[in-house]
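Structure, as structure tokens:
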Amino acid sequence: MIVESPDGHCSEADDMTDTKGLIFDIKKYAIHDGPGIRTTVFLKGCPLECWWCHNPEGRNESREIISIRKETPNGGVTKKDEEIGRLISITELMKEIEKDRVFYDQSGGGVTFSGGEPLVQIDFLAGTLEVSRKAGIATAVDTCGCAPRADFERIYDHVDIFLFDLKLMNDELHEKYTGVSNKLILENLEYLANTGNKIRLRIPMVPGITDTDENLLGILEFISPFNNIKHISLLPYNKLGEDKIRRFGLVDKLGRLTTQERDVLQGKARIFEEHGYIVKVGG
Ligand code: SF4
């Protein structure tokens, strides 16, 4: 049974619960990653390279060493190497997830798989989803939508909610700001929307890029034929990405942006509310 190849990639094991995945964080008591109180598991690997990514340490599919810069009070800079990525089996991960079952039961919460893009590690994700559901734990998958259709079909029955992040309708802009076309993403959104009512659409509101009226109206037009999409979250711009770009010494394509005021976001929310959608500002 496997484990990890020399280049750090994972593959399938003989016994599902021994399948290992590469994660870079587990967040307890999360309240913005689906309903109720949740445990969010962050899987490594993502096919996109969003300029505003606030989890850049989750993009690479392999374990990696990141040199973290820290500014000292006297204006100097220190660097400390940190290994990002921990191999964990489904059995080990389930022990972590089970620890907070009482909170899930009381709050209507559960486990959320995020990343990175969790479908990149489809065997590990599918196995953990199946075991979670068999254990009576509700599941959510936070996805950028960029994965083969067959992978969505494989996990569909074991997922209660898809937190589907939609960024840009204009394909040229999508390619510019994320590195990939939005074609597959839109096809998968359409597939999920036509298959059931499990979607919570999430729009990261990046000032001047994704939060423009033109983009939001384009999204409205695209989703309006799908009766199963009713819930939309507008995610205020997260400056954590800027901080990580600086600390990890990454190329900064975005520059400094200002998180929108709440009343600006509420104005954007009305674009969808006027058409009957239930809109939440925040996760
Ligand atoms: S899809 Fe998410 S994890 Fe992937 S690069 Fe974009 S913001 Fe980062």
Side-chain angles (χ1 to χ4, degrees), residues 21-27 30 32-34 40-64 66 84-86 112-122 124-125 140-148 151-152 155 161-189 192 199-211 215 219 232-257 259-260 282-283:
L22 193 60
I23 63 171
F24 64 97
D25 202 4
I26 297 177
K27 187 166 75 180
H32 296 297
D33 298 329
T40 304
V41 183
F42 295 84
L43 279 67
K44 257 174 96 49
C46 184
L48 273 59
E49 283 191 35
C50 304
W51 288 21
W52 51 84
C53 182
H54 57 272
N55 285 332
E57 74 276 39
R59 291 201 301 234
N60 193 316
E61 284 176 47
S62 306
R63 268 203 287 223
E64 61 192 316
I66 292 187
I84 310 285
R86 166 188 163 205
T112 299
F113 298 92
S114 183
E117 166 50 60
L119 278 91
V120 165
Q121 296 186 54
I122 186 62
F124 177 68
L125 176 67
V141 169
D142 179 11
T143 178
C144 69
C146 189
D151 290 350
F152 282 101
I155 62 172
I161 294 172
F162 287 94
L163 304 168
F164 196 108
D165 295 347
L166 185 56
K167 298 166 176 74
L168 283 157
M169 285 307 298
N170 179 302
D171 199 22
E172 265 178 48
L173 292 179
H174 197 281
E175 200 153 342
K176 172 179 173 185
Y177 287 112
T178 73
V180 303
S181 161
N182 64 12
K183 193 167 172 290
L184 178 62
I185 294 167
L186 296 178
E187 284 170 6
N188 283 327
L189 179 60
L192 291 174
I199 293 186
R200 303 282 183 278
L201 196 69
R202 312 219 296 181
I203 307 171
M205 300 289 280
V206 185
I209 300 175
T210 62
D211 75 347
N215 187 45
I219 291 175
I232 299 174
S233 291
L234 303 184
L235 307 179
Y237 175 62
N238 188 340
K239 289 181 78 69
L240 192 61
E242 294 178 11
D243 178 50
K244 287 190 181 173
I245 283 169
R246 200 171 54 247
R247 285 195 297 128
F248 298 170
L250 302 173
V251 178
D252 182 6
K253 294 183 181 173
L254 195 63
R256 300 281 172 269
L257 299 178
T259 304
Q260 303 91 344

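The basis for the numbers below is simple: all heavy atoms, side chains too, and nothing from hydrogens, waters or symmetry mates. Note that ligands are numbered from 1 as they come in the structure, with each ligand's atoms numbered from 1 the same way.
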Exercise for the section: Can you spot which of Arg86, Glu61, Lys44 makes a side-chain contact (heavy atoms from CB on, under 4.5 Å) with Leu22? Expected result: Lys44
Fill in the blank from the handout: Given a cut-off of 2.8 Å, the protein N, O or S atoms lying below it from atom 4 (Fe) of ligand 1 are Cys46 SG
Handout entry: Pair Ile185-Lys167, side chain to side chain contact (heavy atoms under 4.5 Å, CB included): steps then yes or no
Key = CA-CA 10 Å; Ile185 294 167; Lys167 298 166 176 74; over 6 Å; no
Exercise for the section: Take atom 2 (Fe) of ligand 1 and look for protein heavy atoms under 4.0 Å from it; say yes if you find one, no if not. Expected result: no
Practice task
Report yes or no: do Thr210 and Asn215 form a side-chain donor-acceptor pair below 3.5 Å?
Solution key: no
Exercise for the section: Give every residue pair that meets the side chain to side chain donor-acceptor pair (under 3.5 Å) criterion with at least one member in residues 46-56, sequence neighbours excluded. Expected result: Asn55-Lys244
Exercise for the section: Not counting sequence neighbours, which residues clear side chain to side chain contact (heavy atoms under 4.5 Å, CB included) with Ile161? List them please. Expected result: Pro35, Ala140, Leu163, Arg200
Handout entry: Contacts of type salt bridge (charged side-chain N to carboxylate O under 4.0 Å, His left out), residue Arg247, not counting sequence neighbours
Key = Asp243
